[in-house]
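Lettering follows sequence order; numbering is per chain, from 1.
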There are 2 protein chains.
Amino acid sequence: MILSAAGERFIVHWGEMGSRWGINRTVAQVHALLYLSERPLHAEEICETLSIARSNVSISLKELQSWGVVRTTHVLGDRRDHFECMQNIWEMFRAIANERKKREVEPTLAVLRECAQQAKKDRDSKYEAQRLQEMLGFFELLMEWHDHLQRLPTTALTRFARLAGSISKWLPPQHENHETPPPDSTAELEFDSAASEKTVKDESDEDLSLL
Amino acid sequence: MILSAAGERFIVHWGEMGSRWGINRTVAQVHALLYLSERPLHAEEICETLSIARSNVSISLKELQSWGVVRTTHVLGDRRDHFECMQNIWEMFRAIANERKKREVEPTLAVLRECAQQAKKDRDSKYEAQRLQEMLGFFELLMEWHDHLQRLPTTALTRFARLAGSISKWLPPQHENHETPPPDSTAELEFDSAASEKTVKDESDEDLSLL
DNA sequence: TTGTATTTTCAGAAATTTCTGAAATAAAAG
DNA sequence: CTTTTATTTCAGAAATTTCTGAAAATACAA
C-alpha cells in the first residue's frame with residue numbers, strides 16, 4: 001500500500017486527534033488508513049504501511065470492529081482477512097456516538113441515578129443532591145437528543161445541519177464572549193446558575209420561536 | 001471539605017470518564033469536586049479532600065481555568081485564592097465544546113484543507129482526494145452546527161432537546177440495528193456509501209419535512 | 001527591608017498505557 | 001496426518017503520562 005504525502009499527513013494527524021479523544025493512536029491510524037484506502041487491506045499491508053507490529057495491528061483491528069466502523073471481507077483466492085472501513089462519514093460517526101453512549105454515557109447515567117438517589121436521602125447532602133440531580137437531567141436530555149438523531153436518516157441530518165447553519169446567521173450572537181475572557185469583569189452569568197437563567201429567559205423566547 | 005459517599009462516588013466516576021475522553025483524571029476529579037461544592041474551595045482543601053499533591057491541584061486548577069469552567073474568587077480576610085465551578089451545566093458543556101473546537105477541530109480542519117488540496121493536485125491520489133474532501137465537508141458542516149448552537153441561549157437548547165425527543169417518538173426507527181450487529185448479513189448499507197445514500201434517499205423526505 | 005503565606009515550576013519517580021516479538025492457537029492445504 | 005499460512009495471545013519492554021516534593025517565585029504584611 002503506497003501512501004501519498006497528503007494521506008500520510010492525514011493519518012498522522014488522525015492518530016494524534018484520536019489520542020486527545022481517548023482513542024489509542026494506533027487504532028486511529030489504522031482507521032484513517034482504511035478510510036483512505038480504495039480497496040480492503042490485509043493486516044500485513046497495514047503493518048508495513050504504518051510500521052507497526054503485526055500483533056498491534058491485530059488488536060487495533062479488533063477494536064475498530066468492536067466499534068462497528070471496520071469489517072472483514074475476503075478476496076477470491078486469498079485466505080487472509082481483508083479489512084475495510086465504513087465509507088459513509090455520517091454513519092461512521094453515528095456508530096461511534098452509539099458506541100460511546102453505550103460504553104460511557106449509560107454507565108454515567110447509572111452512577112448519577114444512584115448517587116442522586118443516595119444524596120437525596122442524606123440530610124447533610126441537600127446541595128450535592130441538587131447538583132447531581134441537575135447533572136442527571138442534563139444527561140437524560142442528552143440521551144433523548146441522541147436517540148432522536150439516531151432515528152433520522154443521514155440525509156436528514158446533513159440537511160438539518162445546513163438549515164441550522166443558515167438560521168443562526170439571523171440570530172444575534174449570544175456566547176462569543178468566551179473567546180478572550182475578560183480578566184474578571186462581566187462574565188458573571190456563566191458561573192451563577194440563577195443569574196444566567198434569569199438573564200437568558202428575557203431574551204430567549206423569540207429565538208426559540210424560530211425552531 | 002467533607003464529602004458524602006454519593007459525592008465521592010460521583011467524583012471518582014467523573015475522573016474515570018474524564019480519562020476516557022482525553023481529560024486528565026485529576027483534572028476531572030477537581031472539576032467534579034468544585035461542581036458539587038456549595039462554596040468556593042481553596043487549593044489546600046482540594047488537596048486534602050482528594051488526597052493529591054498541592055502542585056497537582058495547582059496545575060489542574062490552571063487547566064480548568066483555561067477551559068473556562070472554573071474561576072477564582074476571594075473570601076474577605078483570606079489571602080488565598082478560592083475556586084468555584086461554573087454552575088450552569090449547559091453553559092459548562094458549551095464552554096468545553098468551544099474549547100475543544102478551538103484546540104482540536106480547528107487544527108483538524110486546517111490539516112484536512114491542506115491535505116485535500118495537495119491530494120487533488122496529485123494524479124495518483126484521486127480516491128484519497130475524494131475521501132479527504134468528504135471528511136472536510138463533514139467537519140465544515142459540524143462547525144456550522146456548532147456555531148448555530150453557540151448562538152442559541154441555554155433555554156432554547158433545553159427546549160429544543162425536549163422537542164426533538166418527542167418528535168422522534170413518531171418516527172420509525174432507522175438505525176437501531178447497531179445494537180446487536182448480525183454476524184455478517186444485512187449490514188451492507190453502512191459500509192457502502194453509494195448504496196447507503198440511495199437506500200436512504202427514498203425514505204428520507206417525509207422525515208426531513210418534520211423539521 | 002525582612003518575614004511569612006501562598007502559588008508555581010520542574011526534575012525525577014511512579015503509574016499507566018502502548019507496543020513488540022515469541023509462542024500458542026487456529027485454519028486451510030497438501 | 002503433516003505442513004504451511006494466518007491470526008491471536010500475552011509477558012515483558014518501551015514510551016508516555018501523571019504525580020510528587022523540594023525549591024523557586026510571588027505577593028503581601030509587618
Query raised in the report: So does A:S58 get a side-chain nitrogen or oxygen closer than 4.0 Å to the phosphate oxygens (OP1/OP2) of D:dT9?
Result: no
Query - Rounded distance (Å) that lies between atom P of C:dC19 and atom CD1 of A:I23 - result: 14 Å
Report task. Assess whether side-chain contact (heavy atoms from CB on, under 4.5 Å) is satisfied between A:Y35 and A:M92, documenting all intermediate values. Result -> CA-CA 10 Å; A:Y35 173 77; A:M92 202 164 79; 4.2 Å; yes
Requested in this report: Assign each of A:D78 and B:R54 to its nearest nucleotide of DNA chain D by heavy atoms, then name whichever residue's nucleotide is nearer the 5' end.
Outcome: A:D78
Report task. Write down the distance between CG (B:L61) and P (D:dT18), rounded to a whole number of angstrom. Result -> 16 Å
Query - Nearest-neighbour nucleotide for the B:I52 side chain, D:dT20, C:dT20, D:dT7 considered - result: D:dT20
Query raised in the report: Side chains of B:R80 and B:T72: is there a donor and an acceptor less than 3.5 Å apart?
Result: no
Requested in this report: Would you mind reading off the distance between B:Q29 atom CD and D:dT18 atom C1', rounded to a whole angstrom?
Outcome: 12 Å
Requested in this report: With the side chain of A:N24 defined as its heavy atoms from C-beta on, choose the nearest nucleotide among D:dC19, D:dT7, C:dT18.
Outcome: C:dT18
Query - Salt-bridge contact A:K120-A:E128 (side-chain N to carboxylate O under 4.0 Å) - result: no
Query raised in the report: Taking for each residue the nucleotide of DNA chain D bearing the nearest heavy atom, is the 5' side occupied by A:S19 or by A:S55?
Result: A:S55
**Report entry** Test item: side-chain donor near acceptor, B:H82 and B:D78, under 3.5 Å
**Finding:** yes
Query raised in the report: Can you tell me how far P of C:dT25 sits from NZ of A:K62, to the nearest Å?
Result: 17 Å
Requested in this report: Could you tell me the separation between the NE2 atom of B:H82 and the P atom of C:dT7, rounded to a whole number of Å?
Outcome: 8 Å
Query raised in the report: Does any N or O donor sit under 3.5 Å from an N or O acceptor when you compare the side chain of A:R79 with the base of D:dT5?
Result: yes
Requested in this report: Look at all strands and tell whether B:N56 reaches a base, only sugar-phosphate, or nothing, counting heavy atoms closer than 4.0 Å.
Outcome: base
Query raised in the report: CG of B:D81 versus P of C:dA5: gap in Å, rounded?
Result: 17 Å
Query raised in the report: Can B:H42 and B:D81 be counted as having a side-chain donor-acceptor contact under 3.5 angstrom?
Result: no
Query raised in the report: What is the distance, rounded to the nearest whole Å, between atom CZ of A:R20 and atom C1' of D:dT16?
Result: 15 Å
Query - Nearest-angstrom distance from the residue atom CD1 of A:I46 to C1' of D:dA6 - result: 14 Å
